[in-house]
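To keep things clear, I will list the structure first and then write my remarks on it.
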Amino acid sequence: MLELKPLPIEFYARDTVTVAQEVLGKLLVRELNGVLLEGLIVESEAYRGSDDPASHAYRGITNRNKVMFGRAGVAYVYFTYGNHYCLNFTTEREKIAGAVLIRALQPLVGIDVMKRNRGTDDVHNLTSGPGKLTKAFSIARSENGLDLTTGKQLFVIESDRQNRFQIASSRRIGIREGSDKPWRFYIVDNVFVSRRGHSK
DNA sequence: GAGAAGATCTCCT
DNA sequence: GGAGATCTTCTCA
C-alpha cells in the first residue's frame, strides 16, 4: 500500500527549475467525492518571474497571476485559448514569482473516470497534454489557489518509480518570448509525453 | 471600453 | 500538417 503523504512545502519552496525537474516521477493525486485519481508526472515546464519573458509573472503582479507571487505549494490554474485550463504548482518564497506547469501525466488509478471526463477510450490521449489532464482530473478555476500540502482534494506524493527513468530537457512549447530557455523537462521514452522533443 | 493575443486541442485534408 | 474554435486577461486609450 502506498502511503498518501503529500509532499511538504519544503519541496516546492525552492528554485523553480529544480522543482520542475524533481517533480517528474512523482504522483499527482486527485480526490473527488471519494473517488481517487492518480497519474505519474512525466512532463513539466518551469516559469519564473521578472527574468522570464514567457512567464505570466514577467510584467508584475496581476489579478490572474497573483497566486504565483504567494507561498509555494499552491495550485495555479488559469484558463487559456477559450477552452482549456492549465495546472501549475507555485514555487519559491513569497513575493518571488515562480510556477511549474504540469504538461503531461501517465494515468494510473481511476482510468475509467478519466475516460468519462475526457469522452474518449484512448488511454494515450487522456492526459498527454496540459489542457487534457486538467479535464481528465476535473481541475478548473475553482481549484486555483488550492493548498497542495494538506493532502486533501489535490496533492503530490512520492512514487516507487523514483530514479528508474531518464530525464531530458528541451525548449518550452507554445510560447513566443523566452523560447530559448531549456526549461521543459520530460521522462525519456515515456509514451504519455505530449510531444517528442528535440533534447537540446 | 475595445482590441489583440494566448503556457491548447480537435478535426479535417 | 494546418486552421478554426472560443473566451479570458491584459494593455492602452
Side-chain angles (χ1 to χ4, degrees), chain A residues 12 15-21 23-24 28 39 41-70 72 74-92 96-107 114-146 148 154 156 168-187 191-200:
Chain A
Y12 301 97
D15 170 69
T16 306
V17 175
T18 303
V19 176
Q21 289 173 270
V23 82
L24 295 180
L28 179 68
I41 299 172
V42 300
E43 182 179 352
S44 65
E45 280 179 4
Y47 286 90
R48 292 165 56 99
S50 55
D51 62 342
D52 182 4
S55 172
H56 288 165
Y58 179 58
R59 293 169 194 281
I61 193 164
T62 67
N63 196 45
R64 173 173 67 165
N65 68 22
K66 60 187 175 193
V67 177
M68 286 182 75
F69 290 83
V74 172
Y76 170 44
V77 182
Y78 66 87
F79 188 77
T80 191
Y81 289 113
N83 274 317
H84 307 290
Y85 292 97
C86 291
L87 171 67
N88 301 251
F89 304 151
T90 61
T91 59
E92 297 283 357
I96 307 292
V100 173
L101 171 67
I102 305 305
R103 285 195 55 90
L105 302 171
Q106 175 176 347
M114 297 184 207
K115 285 180 178 174
R116 206 180 317 143
N117 288 342
R118 288 273 294 126
T120 176
D121 276 337
D122 181 4
V123 175
H124 292 99
N125 198 28
L126 286 179
T127 54
S128 55
K132 298 178 191 176
L133 69 90
T134 52
K135 193 164 185 198
F137 273 58
S138 192
I139 293 168
R141 195 192 317 281
S142 52
E143 276 67 39
N144 189 40
L146 206 62
L148 298 168
L154 188 66
V156 182
S169 66
S170 80
R171 295 139 73 106
R172 293 174 290 180
I173 293 175
I175 56 173
R176 288 159 174 267
E177 312 251 4
S179 57
D180 55 317
K181 305 275 202 314
W183 288 346
R184 169 178 176 249
F185 303 98
Y186 58 95
I187 293 180
V191 296
F192 296 93
V193 168
S194 67
R195 306 185 197 184
R196 302 277 164 179
H198 307 282
S199 45
K200 184 184 170 189

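Note on naming: letters A, B, ... go to the chains in the order of the sequence lines (proteins, then strands), and numbering restarts at 1 for each one. As a basis for the values below, the full set of heavy atoms in this structure was taken, side chains included, without hydrogen atoms, waters or symmetry mates.
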query = Can the ring centres of A:F192 and A:H124 be said to be less than 6.0 Å apart?
reply = yes
Base, sugar-phosphate or nothing for [X]? Non-hydrogen atoms, less than 4.0 Å.
X: A:G82; result: base
X: A:R64; result: sugar-phosphate
X: A:F79; result: sugar-phosphate

Whole-Å distance between [N] [atom2] and [X] [atom1]?
X: A:Y81; N: B:dA4; atom1: OH; atom2: C1'; value: 13 Å
X: A:E43; N: B:dA7; atom1: CD; atom2: P; value: 16 Å
X: A:Y58; N: C:dC10; atom1: OH; atom2: P; value: 17 Å
X: A:H84; N: B:dT8; atom1: NE2; atom2: P; value: 9 Å
X: A:I61; N: C:dC10; atom1: CD1; atom2: C1'; value: 15 Å
X: A:F89; N: B:dA7; atom1: CZ; atom2: C1'; value: 15 Å
X: A:D180; N: B:dA7; atom1: CG; atom2: P; value: 16 Å
X: A:E177; N: B:dA4; atom1: CD; atom2: C1'; value: 15 Å

A:S170, A:S44, A:S169 screened by side-chain hydrogen bond (donor to acceptor under 3.5 Å, both in side chains) with A:R184, the one that passes =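 The residue from A:S170, A:S44, A:S169 that satisfies side-chain hydrogen bond (donor to acceptor under 3.5 Å, both in side chains) with A:R184 turns out to be A:S170.
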With A:K132, the side-chain hydrogen bond (donor to acceptor under 3.5 Å, both in side chains) member among A:T120, A:N117, A:N125 = A:N125
key: 4.5 Å side-chain heavy-atom contact, A:W183 and A:R48   =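 They are in side-chain contact.
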ask   = Side chains of A:I41 and A:I187: closer than 4.5 Å at any heavy-atom pair?
value = no
request  = Identify, between A:G174 and A:R118, the residue whose nearest nucleotide on DNA chain B lies closer to the 5' end.
outcome  =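 On the 5' side of the pair lies A:G174.
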Upstream residue (5' side of DNA chain B) when A:V100 and A:N125 are each assigned their closest nucleotide =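 With A:V100 and A:N125 compared, the 5'-side residue is A:V100.
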query = Can you find a side chain N or O atom of A:H56 that sits less than 4.0 Å from OP1 or OP2 on C:dT9?
reply = no
task = Examine B:dT8: is either OP1 or OP2 under 4.0 Å from a nitrogen or oxygen in the side chain of A:T80? Give yes or no.
result =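 For B:dT8, neither OP1 nor OP2 has a side-chain N or O of A:T80 closer than 4.0 Å.
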ask   = Hey, is A:Y47 doing a stacking thing with B:dA7, by the 5.5 Å centroid and 30° angle criteria?
value = yes
Among [options], find the nucleotide with the atom closest to the side chain of [X].
X: A:R59; options: C:dT6, C:dT11, B:dC9; value: C:dT11
X: A:R176; options: B:dA7, B:dA5, C:dT8; value: B:dA5
X: A:R103; options: B:dT10, B:dT8, C:dT9; value: B:dT8
X: A:R141; options: B:dA7, C:dC10, C:dT8; value: C:dT8
X: A:K132; options: C:dT6, B:dC9, B:dT8; value: B:dC9

message = Return whichever of A:N63 or A:N83 has its heavy-atom-nearest nucleotide of DNA chain C closer to the 5' end.
response =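 It is A:N83, whose closest nucleotide lies nearer the 5' terminus.
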request  = Tell me the partner of C:dT6, counting only Watson-Crick (N1-N3 plus N6-O4 or O6-N4) or G-U wobble (N1-O2 and O6-N3) with both under 3.5 Å; none if nothing fits.
outcome  = none
Minimal non-hydrogen separation, A:E43 against A:V193, with atom names = OE1-CG1, 3.3 Å
message = Using a distance-only criterion (donor-acceptor N/O pair, under 3.5 Å, no hydrogens), is the base of B:dA7 paired with the side chain of A:Y78?
response =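 Between B:dA7 and A:Y78, which were checked side chain against base, a qualifying N/O pair under 3.5 Å is present.
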